[in-house]
Amino acid sequence: MAFPQGKAQEISYQQQLDSVLYHYQLSREDSLSIPKRLQYVSISINKAEILQQDSLIYKGLMNKTWLFGKIQEYDSAIFYSNQLYDFAKRNGDTLFMIKAIKKLAFYNSRNDQLATAFSYYNKVFKMARLHKDSVEAGKNLLYMANIQTALGDYSGSKTTAIDGVKYMTNTLDLRCLSGLYHIISVANREQKNYKEALKYNTLAIALGKDSTAINTIGVKNILIFKNTKAIILAKQQNYKEAVSILRKLSSDSIVQQDQREYARIIGNLGYVEWLANEDNQNTEALLLKALRVRKKIKDVEGLIASNIYLTKYYLDIDKEKALTYAEAAYQNAQKIKSLTSILEALGFIFEVKENTNAEAKVFNQVHQELQELNQSNREIYAVTRYENDKLTNENLILKAETARKERQQVLYIFGAVLLFIAGGFVIYRFRQQYKREKIREVYNAETRISKKIHDELANDVYHVMTRIQHDVQDVDEDVLDKLEDIYSRTRDISRENSGFTTGNAYQQELENMLNSYGSAQTRIMSKDIDQVNWAAIAPEKKVVVHRILQELMINMKKHSHANIVVITFAKNKKNIKITYADNGVGIAKNRKIHNSGLRNAENRIKSIKGTFIFDSDKDKGFKAKIQFPN
């Protein structure tokens, strides 16, 4: 039987179309292996391109990216997501452009390309806001805040998540809203603002008010929020309640079925019990058990946490074991390219390892990369910064107003009590004032000496040098060299004893002083200096801190020959702790007692009821710990 040419072409086209659909359906068969399904979807896409069937090309590319993601071949998933985006852009198809960008954000995030993922999530956020899709906008702000947290930008993360809450407040998406509350809680915890951390953690948990809400949020997510609550309570030194929560979670059947979460809980339990009592007999066993579980399930991120806990546990009792676990944490952090974990692990390696020149170079590179990534992310999100700042300012004003009312109530209630203890308070203040005046007298004397050396002695030496050079014939070069050396030493003494502000600009001036001792050969790094509320520190304590750190920097410059110096600031409820470490030549133990700068540092810190402990030996660097009540 013969058919007209048009009819034959129609049958041929239908057969080809059926072949496209046939291969596409095979690519979605769960019973087949992923490589086989990828073969079928590639055939489907090629045939659809020949037939110019756009809808089938979209379907094929969507499925192909998903399949590559399923087997964690994220580079390929990203490649075909880009193909999807380019194809949708050529067709002017906004819907599939958005779908492609979402895939690019997701797969770049899974591929540890966090800055690139952040940029794509920001694009989706902008599109969602343009289309007034509040839920989609809030979700992408949550993804962006999570990335900022992973990169250690807790201030940026909190700002982004607070904006996300604004979009999600009037929606029914409890999962996203609880996630935003959780990330704000975590950011506050890392910034040591534990009261706010507990507040947002409570909001996240409270959203699971019934079984329907819990299922919407996710049972595992609720358990994660409770785990976070325990960590916040531990940070507040409320160890009893924290341990109670973690023990209850460790016996939960849902937790026990999920080995990843179970290891997280028992690891945290062991660590918190150790914080509560360093002689606790269960700590070591729990920490090692968590490590074994994580090794078994190949939880690299969890292994970092376990190794850091074990490093802290052994730090003061077995330096060799502490170094072993710190190096294990470092290796695992490198595997998943976690920049913040790399820096944390290196920080412990600096404390226990003698020669850290190689690690110092890595620390510098990673620290610089992390700063650049966080700065880039903040610039990307600058389009909504005004709105975020406005919301933050409103929260700060509300917080200040609440605090003012609370202070008024306290004053009314305890007014009579304050009058009763006024006499004792006056005596106490008088004694404290006497101590402060002594410190100020020393500071003023140093400043006067500095000015006198600068204005009189140094200038006189300089004038003598000038006159000799111009008025004396055949002057002895050795005499000029000695005069120049005297001039340089007098200027150094003047600089070392010069005055500085103890007011609002103190932090900046302290940083400038520390950085002034840096050079092309010596890198100075100050960590978490902004975590200390310097405005609340008494001026005389600021004087002591400045002078002690200056003594250490002078000692480093004259004797240490270090190429990296790390000064770390930390604050808790009672004390401020400053840790100094360099990788220089160190000081022989039998010479320490003769170091006048270190003796001066010890005498100064005692004047504010603090402690100064140093540790060094020849060719093993120099470490010092300064602690004083805040």
Side-chain angles (χ1 to χ4, degrees), residues 13-14 16-30 34-35 37-144 146-147 164 167 173 176 376-377 379-381 383-384:
Y13 178 86
Q14 186 60 49
Q16 293 179 65
L17 183 59
D18 289 343
S19 178
V20 173
L21 294 170
Y22 171 74
H23 286 95
Y24 174 74
Q25 290 300 326
L26 285 175
S27 74
R28 294 177 61 84
E29 281 292 333
D30 292 336
I34 297 293
R37 292 168 69 180
L38 281 167
Q39 288 181 14
Y40 286 132
V41 78
S42 296
I43 294 170
S44 172
I45 293 170
N46 290 336
K47 288 178 177 290
E49 287 174 345
I50 294 170
L51 297 178
Q52 297 183 347
Q53 281 287 330
D54 290 355
S55 62
L56 293 176
I57 295 173
Y58 283 134
K59 284 185 175 183
L61 287 171
M62 290 286 289
N63 193 29
K64 193 168 188 176
T65 55
W66 182 86
L67 289 169
F68 276 119
K70 186 77 173 175
I71 56 176
Q72 298 181 12
E73 290 188 14
Y74 298 123
D75 287 335
S76 296
I78 291 168
F79 177 82
Y80 287 105
S81 295
N82 275 311
Q83 278 201 356
L84 175 63
Y85 177 81
D86 292 340
F87 184 70
K89 187 177 181 180
R90 285 198 300 270
N91 291 339
D93 193 323
T94 306
L95 176 63
F96 276 98
M97 285 173 65
I98 294 173
K99 288 183 177 181
I101 293 171
K102 286 182 181 180
K103 283 179 172 286
L104 287 166
F106 178 75
Y107 291 128
N108 273 286
S109 177
R110 289 298 180 92
N111 206 31
D112 299 317
Q113 302 298 318
L114 298 185
T116 304
F118 186 92
S119 177
Y120 281 120
Y121 279 128
N122 188 64
K123 287 181 180 179
V124 181
F125 162 69
K126 286 181 178 179
M127 292 178 183
R129 191 179 61 179
L130 185 66
H131 292 92
K132 297 182 179 180
D133 187 343
S134 297
V135 173
E136 189 65 30
K139 283 181 179 179
N140 283 277
L141 289 175
L142 173 59
Y143 301 146
M144 291 160 68
N146 278 325
I147 288 174
Y167 285 99
D173 193 331
C176 182
S376 172
N377 288 343
E379 289 173 0
I380 288 171
Y381 189 51
V383 67
T384 57

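Please read all numbers here as calculations on a predicted model, not as lab measurements. For reference, positions follow the sequence shown, starting with 1. Computed from heavy atoms alone, side chains included, the values below leave out hydrogens, waters and symmetry copies.
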Legend entry - Heavy-atom closest pair, residues A137 and A128: N-CB, 3.6 Å
Legend entry - Partners meeting ring pair (Phe, Tyr, Trp, His ring centres under 6.0 Å) with F68 (sequence neighbours left out): Y80
Legend entry - side chain to side chain contact (heavy atoms under 4.5 Å, CB included) partners of N46, counting only residues at least two apart: E49
Inset, instruction - Sequence neighbours left out, what passes ring pair (Phe, Tyr, Trp, His ring centres under 6.0 Å) with Y143? Give chain and number order. - result: Y121
Inset, instruction - Begin from the C-alpha positions of L104 and I78 and carry the test side-chain contact (heavy atoms from CB on, under 4.5 Å) through to its verdict. - result: CA-CA 6 Å; L104 287 166; I78 291 168; 4.0 Å; yes
Legend entry - Distance (rounded to the nearest 0.5 Å) between Y107 OH and S76 OG: 11.0 Å
Legend entry - S44 side-chain N/O to Y40 backbone N/O, donor-acceptor pair under 3.5 Å: no
Legend entry - Intermediate values then yes/no, side-chain contact (heavy atoms from CB on, under 4.5 Å), F118 and N108: CA-CA 9 Å; F118 186 92; N108 273 286; over 6 Å; no
Inset, instruction - Would you please name every residue forming a side chain to side chain donor-acceptor pair (under 3.5 Å) with S27, sequence neighbours left out? - result: N63
Inset, instruction - Would you name the heavy atoms of S109 and L114 that are closest together and state the gap between them? - result: O-CD2, 3.9 Å
Inset, instruction - Give the minimum heavy-atom separation between A100 and S81, together with the two atoms involved. - result: CB-O, 3.8 Å
Inset, instruction - Check whether any side-chain heavy atom of V20 lies under 4.5 Å from a side-chain heavy atom of Q53, and answer yes or no. - result: no
Inset, instruction - Work out which heavy atom in Y74 is nearest to a heavy atom in G69; give both atom names and the distance. - result: CE2-O, 3.8 Å
Legend entry - Sidechain-backbone polar pair: N146 side chain, L142 backbone, donor-acceptor under 3.5 Å: yes
Inset, instruction - Kindly write out the residues that satisfy side chain to side chain contact (heavy atoms under 4.5 Å, CB included) with I43, not counting sequence neighbours, or none if the list is empty. - result: H23, K47
Legend entry - side chain to side chain donor-acceptor pair (under 3.5 Å) partners of S42, counting only residues at least two apart: K64
Inset, instruction - Look up atom CZ in F87 and atom CD in Q83, then write down how far apart they are to the nearest 0.5 Å. - result: 10.5 Å
Inset, instruction - With rounding to the nearest 0.5 Å, note down the distance linking CG in L130 to CZ in F125. - result: 11.0 Å
Legend entry - Min side-chain heavy-atom separation M144-L141 under 4.5 Å: yes
Legend entry - Separation of I101 CD1 from N82 CG (nearest 0.5 Å): 10.0 Å
Legend entry - Reported CZ-to-CG distance for the pair F106 and N111, which is rounded to 0.5 angstrom: 11.5 Å
Inset, instruction - Any side chain to side chain donor-acceptor pair (under 3.5 Å) involving residues 93-104? Give me the pairs, sequence neighbours left out, ordered by first then second residue. - result: Y58-D93, T65-K103, K102-E136
Inset, instruction - Would you mind listing every salt bridge (Lys or Arg N to Asp or Glu O under 4.0 Å) that reaches into residues 69-82, with sequence neighbours excluded? - result: none
Inset, instruction - Work out which heavy atom in L61 is nearest to a heavy atom in I45; give both atom names and the distance. - result: N-CD1, 3.8 Å
Legend entry - Residues forming a salt bridge (charged side-chain N to carboxylate O under 4.0 Å, His left out) with D30, sequence neighbours excluded: R37
Inset, instruction - Quick one: pull up CG in D173 and OG in S134 and give me the separation to the nearest 0.5 Å. - result: 11.0 Å
Legend entry - For the student: nearest non-hydrogen atoms of M127 and H131, plus distance: O-ND1, 2.8 Å
